[in-house]
There are 2 protein chains.
Amino acid sequence: MNISQAAKLSGLSVKTVRYYADIKMVEPARNIQSGYRSYSNDDVAKLNFIGKARRFNFSIEECRELLSLYRDKNRSSKEVKKLTLAKIASIDEKLKEFHSLRDELSHLVDCCNGDDRPSCPILDELSK
Amino acid sequence: MNISQAAKLSGLSVKTVRYYADIKMVEPARNIQSGYRSYSNDDVAKLNFIGKARRFNFSIEECRELLSLYRDKNRSSKEVKKLTLAKIASIDEKLKEFHSLRDELSHLVDCCNGDDRPSCPILDELSK
DNA sequence: TATAAAGTCTCCAGTTACTGGAATGTAAAG
DNA sequence: CTTTACATTCCAGTAACTGGAGACTTTATA
């Protein structure tokens with residue numbers, strides 16, 4: 001199938017699918033006459049896999065790794081679990097950061113009158 | 001003072017401080033002889049302000065806006081509050097996303113044996 | 001005073017994961 | 001046969017820096 005069909009089936013944009021071909025993540029066959037990319041069902045499965053992993057916040061490089069683990073019949077589930085646990089840990093860190101950020105900001109907002117006068121504890125805090 | 005001193009006082013890297021000069025956020029005077037950037041205490045105060053706002057997850061453009069509000073003696077605290085509330089809302093969205101991501105991933109991890117066998121529900125999920 | 005080391009300058013490239021657009025070529029529909 | 005839709009490549013831009021090269025100035029050491 002052509003690229004737009006593959007894109008539709010995988011829920012990705014044509015641009016993104018072409019990008020994945022460029023970076024050698026999913027390299028489809030080529031139609032010799034037209035030069036058009038020609039996607040197999042297997043290619044689409046890979047695109048799906050990558051799309052999902054990206055939605056799970058795995059980076060492109062991590063996707064590459066997961067994909068090769070997926071293709072490797074001798075891999076151990078241990079390896080995949082390790083990758084996923086590391087990902088969870090990094091998400092936890094981000095969560096912690098954002099939580100404290102949020103708390104600090106909302107504290108500042110609570111202290112700010114939000115009226116037409118210039119006095120503003122938010123700016124005061126930023127300038128300290 | 002020279003750039004490295006300004007960087008040290010503001011807790012930013014020299015590269016970053018030079019970058020802020022390039023994008024016209026904090027434009028120091030120049031030493032005519034050497035061409036070196038020459039930072040005043042006020043420049044350093046601006047750098048501090050920006051550094052803090054960046055740590056509060058405000059973008060460069062938002063920092064620019066906050067900085068001009070800070071400098072504007074006629075501003076209303078309402079404007080600043082509005083910007084901050086919008087920032088909190090966007091952080092909340094990110095928090096929600098990351099939370100559900102985390103939950104899904106940790107559910108997958110719980111289902112995965114993590115042993116030397118290839119069977120792995122994490123990869124199974126990604127390939128669905 | 002000569003030289004070495006440290007600090008600074010500008011400019012270019014790379015990072016991440018795409019996205020938009022131009023110019024051009026191919027395929028399908030009317 | 002022409003219009004339209006889809007495809008191709010290549011270049012540039014995004015956000016906010018960071019790293020490095022090559023050249024110049026200032027400061028410290030011998």
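A straight line from NZ of A/K8 to C1' of D/dC6 spans 12 Å, rounded to a whole angstrom. For the pair B/I3 CD1 and D/dT26 P, the computed distance is 16 Å after rounding to whole Å. Atom CD1 of A/I50 is separated from atom C1' of C/dC18 by 14 Å (rounded to the nearest Å). Spacing between atom CG of A/D22 and atom P of D/dA7 amounts to 15 Å, rounded to whole angstrom units. Look at CD1 on B/I32: it is 15 Å from P on D/dT25, rounded to the nearest Å. In this structure, B/N31 places its CG atom 13 Å from C1' of D/dC24, rounding to the nearest Å. Between the CE atom of A/M1 and the P atom of D/dA7 there is a distance of 12 Å, rounded to whole Å. Summarising the geometry, the separation between NZ on A/K24 and P on C/dA17 is reported as 18 Å, rounded to the nearest angstrom.
In this structure, B/R18 contributes its side chain and B/D22 its backbone to no donor-acceptor pair below 3.5 Å.
Comparing B/Q5 and B/K15 by the nucleotide of DNA chain C whose heavy atom lies nearest to each, the residue mapping closer to the 5' end is B/Q5. If A/Y36 and B/I60 are placed on DNA chain D by their nearest nucleotide, the residue sitting closer to the 5' end is A/Y36.
Within the 4.0 Å cut-off from OP1 or OP2 of C/dT10, at least one side-chain nitrogen or oxygen of B/R30 is found. Phosphate proximity of C/dC9 to B/S34: absent, as no side-chain N or O sits under 4.0 Å from OP1 or OP2. A close approach under 4.0 Å does not occur between any side-chain nitrogen or oxygen of A/R37 and OP1 or OP2 of D/dA7. For A/R18 and D/dT8, the shortest distance from a side-chain N or O to OP1 or OP2 is below 4.0 Å. Checking the phosphate oxygens (OP1, OP2) of D/dA15, no side-chain nitrogen or oxygen of B/Y19 falls inside 4.0 Å. Between B/R54 and D/dC17 there is a side-chain N or O to OP1 or OP2 distance below 4.0 Å. The side chain of A/S13 contributes an N or O atom lying less than 4.0 Å from OP1 or OP2 of C/dT19. OP1 or OP2 of C/dC18 lies within a sub-4.0 Å distance of a side-chain N or O belonging to A/Y20. OP1 or OP2 of D/dA16 has not a single side-chain nitrogen or oxygen of B/R64 nearer than 4.0 Å.
Residues B/I23 and B/R64 form a side-chain contact, since some pair of their non-hydrogen atoms from C-beta on lies under 4.5 Å apart. Taking 4.5 Å as the limit, every side-chain heavy atom of A/E62 sits out of range of all side-chain heavy atoms of A/N57.
Using a 4.0 Å heavy-atom criterion, one finds that A/I23 contacts no nucleic acid atom at all.
Salt-bridge check for B/E97 with B/K94: failed, with every basic side-chain N at 4.0 Å or more from each acidic carboxylate O.
The NZ atom of A/K87 lies 12.0 Å from the CZ atom of A/F56; values are rounded to the nearest 0.5 Å.
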